[in-house]
Enquirer: 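Starting off with a structure, shown below.
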Amino acid sequence: MKFTEFISDRAGRLMLGLVLAASAALFLHATGTQNGIIILMLVCLSAISAAVQTADFLKLRSRLEELEAVMEGLDEKYLFAECLPPARTAYERRIFRLLRRSCKSMAGSVSDAEASMREYREYIESWVHEIKAPLTASRLICRNADPEAGRKLLRELSQIEAHVERVLYYARAKNPEKDFLIQKTSLQELTAEAVGNHKSLLIQSGMRIEAGDLDYTIYTDRKWCLFILGQLLQNAARYHGDLPLITLSAAPYGNQVRLLVTDNGIGIPAHELSRIFDRGFTGSNGRSRGGSTGMGLYLCRKLAGILELKLSITSEENHGTTVSLTFPAVKQDKGES
């Protein structure tokens, strides 16, 4: 707290003191009191008032510094009201009491909100698992349908499954520790599984896959990483150009491994690159081709942060896009599985 702030807060009280001192001086002068005595009295009153105000300022500043130290020392700032030092005045006791009541009410509201969100998340996860059964049944039915109609239905079912999967991972990203397991994984096997999971969509899009040297061992959560790679493959298939091609390659990057997913699609306009990870951002390509929710890359960035992967994208409009996934620094044994 600055002294100027303190004086500003007490401006009314100080003005009242000046008016009273001036009134007293005028009264004494009117009653014939010598001017020297009046001046001496005003000097003494001013000195006493200045000393009192300075002492109050130092006391108040020290108290505020004490309270700020308590706040800064807390990891959980919302516990401030429970960790307050004993009140020194009746005014402080009333203020601290009100603050504790307020924090207690807030904690109750937060607890209720967290419980509600937990129930909602559990319901969403349950719904996702339940919806997989009719989707699987629909795929089986498509096998007996007209080949052309069956292919179209399978494509739409793949889109539905992709949306359902995004919902599941969006819910799980709130509490990753409940579904999170880092283990040694073959990058070659991981990319092959991701391609296999989206084989139908890639074939229908006429997409060709070229794989470079992927013989690396990485450490990651296999299931979450498959989701990220799946989103990248889906984007490449959705925004493909003529003679569509996806290239998968990897290379050492210090003690890390960098995976590159490159396509030759329609690319991303330069002015949109800074926003592609924003939640709900679909961009001009998403609006023109339809079906985009703006959640895929947002979830990729969110999950990559949890997995401690470095995710970056470079793109040139009408020439293609390259996504870089850099896995955390770990002991790397090339060729080990």
Side-chain angles (χ1 to χ4, degrees), residues 1-121 173-178 180 274-275 277-280 298 301-302 305-306 308:
M1 185 180 192
K2 297 180 180 179
F3 188 71
T4 53
E5 296 174 331
F6 175 79
I7 294 298
S8 177
D9 287 343
R10 302 205 172 187
R13 187 183 305 180
L14 293 174
M15 289 298 298
L16 178 61
L18 289 174
V19 170
L20 291 176
S23 300
L26 290 174
F27 175 77
L28 292 175
H29 180 73
T31 57
T33 304
Q34 295 181 7
N35 291 336
I37 296 175
I38 295 174
I39 293 173
L40 181 60
M41 180 197 71
L42 292 175
V43 170
C44 292
L45 288 175
S46 298
I48 293 172
S49 176
V52 169
Q53 297 301 327
T54 301
D56 284 349
F57 166 72
L58 294 175
K59 182 179 178 181
L60 182 59
R61 186 177 66 177
S62 175
R63 184 60 165 172
L64 289 175
E65 289 175 350
E66 180 184 5
L67 296 177
E68 288 174 355
V70 171
M71 172 65 84
E72 292 301 323
L74 292 173
D75 292 330
E76 307 296 341
K77 306 300 184 184
Y78 60 86
L79 295 176
F80 176 66
E82 302 301 324
C83 300
L84 287 170
R88 295 178 181 176
T89 63
Y91 178 76
E92 277 193 356
R93 280 193 294 273
R94 294 294 298 273
I95 292 295
F96 288 0
R97 193 178 300 125
L98 290 172
L99 183 58
R100 290 190 180 97
R101 286 174 58 188
S102 174
C103 290
K104 184 177 180 180
S105 176
M106 181 194 69
S109 298
V110 170
S111 178
D112 291 342
E114 288 179 345
S116 177
M117 287 298 297
R118 184 168 55 252
E119 292 175 1
Y120 178 74
R121 186 167 56 250
K174 301 294 182 181
N175 295 95
E177 68 281 355
K178 295 183 179 180
F180 188 74
S274 62
R275 301 180 60 194
F277 293 115
D278 293 350
R279 185 164 65 111
Y298 165 76
R301 167 60 66 86
K302 190 175 184 67
I306 296 171
E308 297 186 0

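Note that the coordinates shown come from a computational prediction; the quantities given were computed from them, not determined experimentally.
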Enquirer: Do side-chain atoms of Arg100 reach the backbone of Ala81 as a donor and acceptor pair under 3.5 angstrom?
Expert: yes
Enquirer: For the atom pair OG1 (Thr54) and NZ (Lys59), what is the distance rounded to the nearest 0.5 Å?
Expert: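 Interatomic distance, Thr54 OG1 to Lys59 NZ, rounded to 0.5 Å: 14.5 Å.
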Enquirer: Pair up each side-chain donor or acceptor in residues 25-49 with any protein partner under 3.5 Å, not counting sequence neighbours, and list the distances.
Expert:
residue, atom, partner, partner atom, Å
His29, ND1, Asn35, OD1, 3.2
Thr31, OG1, Phe27, O, 3.2
Thr31, OG1, Leu28, O, 2.8
Thr33, OG1, Leu28, O, 3.1
Ser46, OG, Leu42, O, 2.8

Enquirer: Please, which pairs that meet ring-ring contact (aromatic ring centres under 6.0 Å, His included) have at least one residue in residues 32-72, sequence neighbours excluded?
Expert: Phe3-Phe57, Phe6-Phe57
Enquirer: Just distance, no hydrogens or angles: give the donor-acceptor pairs under 3.5 Å from side chains in residues 101-114, sequence neighbours left out.
Expert:
residue, atom, partner, partner atom, Å
Ser109, OG, Ser105, O, 3.1

Enquirer: Is any side-chain heavy atom of Leu74 closer than 4.5 Å to a side-chain heavy atom of Phe80?
Expert: yes
Enquirer: Any side chain to side chain donor-acceptor pair (under 3.5 Å) involving residues 5-20? Give me the pairs, sequence neighbours left out, ordered by first then second residue.
Expert: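 Only Arg10-Gln53, Arg10-Asp56 qualify under side chain to side chain donor-acceptor pair (under 3.5 Å).
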Enquirer: Going by the rule side chain to side chain contact (heavy atoms under 4.5 Å, CB included), which residues pair with Thr89 if we only count those two or more places apart in sequence or in a different chain?
Expert: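 Testing Thr89 for side chain to side chain contact (heavy atoms under 4.5 Å, CB included), a comparison that skips the adjacent residues, returns Tyr91, Glu92.
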Enquirer: Indicate yes or no: at least one non-hydrogen side-chain atom of Ile7 is less than 4.5 angstrom from one of Leu14.
Expert: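 The answer is yes; the side chains approach within 4.5 Å.
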Enquirer: Show, in sequence, the C-alpha distance, side-chain angles and deciding distance for Val70 and Leu84, and conclude whether the side-chain contact (heavy atoms from CB on, under 4.5 Å) test is met.
Expert: CA-CA 7 Å; Val70 171; Leu84 287 170; 5.6 Å; no
Enquirer: Looking at every non-hydrogen atom in both residues, tell me the closest pair between Arg63 and Pro85 and how far apart they are.
Expert: NH1-CG, 3.7 Å
Enquirer: Scan residues 68-91 for pairs that pass salt bridge (charged side-chain N to carboxylate O under 4.0 Å, His left out), counting only residues two or more places apart or in two chains.
Expert: Glu66-Arg88
